[in-house]
Amino acid sequence: MTKGAHASDGSSGERGRRVPERASVSGGCCYQARFAPANCSARRDPPAREPNDRPSLALALVLVLSLMARPMLAQEGQANARGKALYDKWCAECHGDAGAGDGAAATHMLPRPRDFTRAVFQVRTTASGELATDDDLRRVTDEGMPGTAMPGWSSRLNAADRDAVIAYLKTFSTFWEDAAPEAIALGRAPRASAEGIAEGREVFQTLECFKCHGQLGRGGGQSAPTLKDDWDQPIRPADLTQSWNFNGGSTVEQIYARLRTGLDGTPMPSFSDAIDANVITDEQLWRVAQYVRSLSPEQQPRPQDVIRAAVVVQLPAGPDDSAWATVEPAYVPVVGQIVVRPRWFAPAVDAVWVQALHDGQTLALRLTWHDGSKSPDPAWDEWLGRMRDAMSDGDAPVATEQGPDRLHLQFPARWSDGLERPYFLGGSTRQPVSLWRWSSVGDKLEEGTSTGLGRFTAAGAGNASHSARYDRGEWALQINRALVPADSTAAIPFMPGRAIPIAFFAADGSNGEDEVRGAVSAWYAIYLDVPAPPRVYVAPVVAVLLTAGLGLVVIRRAQQRGFNSVRGKE
Amino acid sequence: MKHAMLSAVTVLTAGLLGAAGPAVQGGSVTGTVKLTGTAPANPKLDMSDEAACRGKYTTDPVITASGGNLQNVLVYVKSGLPAGQKFTASTTPVVVDQEGCLYHPRTLAVMAGQPLEIRNSDPVLHNIKVVAKRNRGFNISQPTKGMKTTRTFTAQEIAIPVACNVHGWMHANLNVFTHPFFAVTGADGSFTIRGLPAGTYEVEAWHEKLGTQTMTVAVPATGSAAANFTFKAGS
């Protein structure tokens, strides 16, 4: 499919379905009457444009018209007033009173809230550079933008109110005057197949998607540190292995739509022109969408409160040991630390995956997380500079030099039989936590106690051992520790059969993060399966031996008796 | 209504004038743009990560001057044209080429409605992102060598950034006019703006790094008026 894919060449039937955009914006021009009275009233009231050579008649006409017009304008004014009232109440805090994306909370957000004055929209069904359709805007207001501060509003505002807000936000840009954005025809996906996905992978290479998204789709491609949006804010390429964070949705159709339309305002371009120029075929682009979809699990994983450590005979030797492949990872979402100053609203890491095994003597944990940079990396200096500009507002400025990547694990410092757990952000003076701090600089693991974020005292060094590796946008870290630690001054024993509280902290040094600015989890629990005690193995053997022995005795006795009776007869 | 009629008449008149003879009728503004002082060194480029472009250019030619003649300066009539007058855009495209992971030329000027043809002469993916305020920007990809894309613009706007996100160092600037009275200086620093009706105009010279210079020029009905600009570099 080449040009035929565009709406402009589409069938009239398809067009008929798409056109009503304007009608539903409540009169296109006149809802903007207050802002562009000259344009609008002129179009609505043709008699006013008649040449007037009799002033008195003209005056009367104007009077009558203004009386007629008043109720209509008031009605539309009310609709607009409703939109404005809702916008002021729910939206302006982030998007700004005049829609410039500069509300009070905006400087704490990355990506920044949408600036409506430029009328540039990421998630559209229209060609690159076009406005969004009302359906496009409805989808984003209804469902929100995953991975950003924008929530869905369908549960808070009714449909009419949401439409009123959409109508109102269009008053922030003159681009909406007389605009009738049309969706492009997207066609239908070819049947998915293993060959199709393999082809998609090849086209992904040909199109050089990896330049930003990385060879394995985790982000962190070579261009990633230089990326910025239309407002010069740093922006990350999507992690293609986490489809639940895709702006615009995670289905093959939605991914294909983003490839065709691009994500305006971001570095992600449209590939429609490449199809028009016969550089690639429409089917090939569908294959890319199918391949990208295949990089993520079918469903967004659900966080589970309990991470289970099964018993094995031999623990994996390192984070890349194939033995880990059979252990189901637990998904632990992490969010920006916005409680303790300096707060952090733009964490680079949004999930840690945890696997655990033990052999009755030692617990082995494997932690993996996506991080586009192996910090510190000079290629990311420019990125850090932009993060500093973007996120230094309010709290202490972001560091001028890249720190290490970090992964912290915390456990309660003391066993408690009650339900109370220490404060989740690094514990407190009253209830300290036992902390393991891994750092990419020098690849070192520190052990100690913590009485709050950034308040760490080394203790119990050498209880744990570790091994880490970085591969194309992913860290994998294995930590081993004896269930009963050699030095118990700052570490609890891990007892099988009990749920041990555990919490996580991750930081990306290239993103300006440190031991306070980073991403945190709530408390989870790790449960070590109880190894079968020796008697489980001994008892059956004893039973078998006993049974066999008794059986032999019985047989022997029977044989003896038979022999005797035969001899007696003789 | 009156306004619409006036516009229609103007368009018609402009069309008739256009049909009556070549655009070179009228006066012209011609001159040279000079650079004095020591220009700051252009930023170094590191294209080592891009095999297709590695080593082709080692600096970003933000300021290009030879013998004091400044290239890539946009010179245009800023004011003085009759209000409401409409001009017909040329259908000849202005071409921008991506070669060696740089834009050629670096300063682009088109009339609203005139096609801008974007070419990729590199065997790599480029995306072309135009971040406009008064025009609709766009972001399109050109994954292969030889690909061409054409776009047009609608509103007058100066210094629209054009950039490639795959290669963060690639920058050009696009300038859109609703009249045809603009030019970009060549390697010798010279420019000519042709076809101006007699009158007094404000002419501006704009450079992406060195800023703007403005002068008032009286243009005769036929013949040429001089407008020489000098930019000072450094302190």
Side-chain angles (χ1 to χ4, degrees), chain A residues 38 42 46 48-51 117-120 122 126-131 173-175 179 181 203 205-212 221-232 235 237 259 261-280 379 382-383, chain B residues 1-5 43 45-54 101 116-120 122-155 157 160-171 174:
Chain A
R49 291 183 288 172
E50 298 282 319
T117 64
R118 287 208 208 164
V120 169
Q122 282 189 56
T126 60
S128 179
E130 299 293 319
L131 294 162
S173 166
T174 52
F175 280 121
V203 183
Q205 293 294 321
T206 311
L207 295 179
E208 298 181 68
C209 308
F210 59 86
K211 283 272 174 69
C212 296
Q222 68 186 53
S223 304
T226 68
L227 298 182
K228 48 191 173 185
D229 67 14
D230 283 11
W231 293 263
D232 279 343
I235 187 169
L259 290 166
T261 65
L263 287 156
D264 281 0
T266 82
M268 175 67 189
S270 151
F271 286 85
S272 287
D273 293 273
I275 295 174
D276 292 347
N278 294 319
V279 166
I280 50 165
E382 186 192 332
W383 174 273
Chain B
M1 186 70 169
K2 270 182 192 164
H3 183 77
M5 270 179 72
L45 287 182
D46 178 8
M47 299 192 193
S48 53
D49 282 345
E50 184 52 87
C53 301
R54 188 180 297 147
C101 294
L116 173 71
E117 183 180 303
I118 304 158
R119 292 182 189 166
N120 184 3
D122 290 328
V124 290
L125 167 75
H126 288 302
N127 75 305
I128 301 94
K129 185 155 94 158
V130 171
V131 183
K133 289 182 175 132
R134 304 193 59 217
N135 289 276
R136 294 303 295 173
F138 56 81
N139 184 1
I140 56 173
S141 62
Q142 290 195 328
T144 54
K145 183 174 177 166
M147 189 173 156
K148 293 176 187 174
T149 310
T150 299
R151 284 288 188 278
T152 55
F153 302 86
T154 54
E157 186 173 354
I160 304 172
V162 179
C164 173
N165 298 104
V166 186
H167 310 100
W169 60 83
M170 287 177 70
H171 295 287
L174 170 68

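Note on naming: letters A, B, ... go to the chains in the order of the sequence lines (proteins, then strands), and numbering restarts at 1 for each one. The analysis underlying the following values was restricted to heavy atoms, covering all of them including side chains, and did not include hydrogens, waters or symmetry mates.
- For A:Ala379, no part sits under 4.5 Å from any heavy atom of chain B, backbone or side chain.
- Considering only heavy-atom pairs separated by less than 4.5 Å from chain A, the leading option among B:Thr144, B:Val130, B:Val131 is B:Val131.
- Screening B:Val166, B:Leu125, B:Asn139, B:Asn165 for a side-chain contact (heavy atoms from CB on, under 4.5 Å) involving A:Pro269 leaves a single residue, B:Asn139.
- Only the backbone of B:Ala132 comes within less than 4.5 Å of a heavy atom in chain A; its side chain stays farther off.
- Contacts of A:Phe175 with chain B are made by side-chain atoms alone, with heavy-atom separations under 4.5 Å and no backbone atom involved.
- Looking at A:Asp229, only its backbone comes within 4.5 Å of chain B, counting heavy atoms on both sides.
- Closest of all the heavy-atom pairs between A:Gln222 and B:Asp49 is NE2-O, 3.1 Å.
- Across all their heavy atoms, A:Ala277 and B:Met147 have their closest contact at CB-CG, 4.0 Å.
- For the pair B:Asn127/A:Lys211, no side-chain contact is recorded, criterion being any heavy-atom separation below 4.5 Å from C-beta on.
- Interface remark: A:Ala274 contributes backbone and side-chain atoms alike to the contact with chain B (heavy atom separation under 4.5 Å).
- Heavy atoms closer than 4.5 Å to chain B are found in the side chain of A:Leu227, but not in its backbone.
- The contact between B:Arg134 and chain A is made entirely by backbone atoms, counting heavy-atom distances below 4.5 Å.
- At a threshold of 4.5 Å between non-hydrogen side-chain atoms, the residues A:Val279 and B:Gln142 do not count as touching.
- Residue contact with chain B, scored on non-hydrogen atoms closer than 4.5 Å, involves the backbone of A:Thr266 exclusively.
- With a 4.5 angstrom heavy-atom cutoff, A:Glu130 touches chain B only via backbone atoms.
- B:Lys129 contributes atom NZ, which lies 13.5 Å from atom OG of A:Ser270 (distance to the nearest 0.5 angstrom).
- Contacts between A:Glu208 and chain B at a heavy-atom distance below 4.5 Å involve backbone atoms as well as side-chain atoms.
- Heavy atoms closer than 4.5 Å to chain A are found nowhere in B:Asp46, neither backbone nor side chain.
- For a residue to count as touching a neighbouring chain, one of its non-hydrogen atoms must lie under 4.5 Å from one of that chain's; by this rule A:Thr226 touches chain B with the side chain only.
- Taking every heavy atom of both residues into account, A:Phe271 and B:Ser141 meet most closely at CD2-OG, 2.9 Å.
- With a 4.5 angstrom heavy-atom cutoff, B:Lys133 touches chain A via backbone and side-chain atoms both.
- Ranked by heavy-atom pairs shorter than 4.5 Å toward chain A, the options B:Pro143, B:Gly146, B:Gly168, B:Pro161 are led by B:Pro143.
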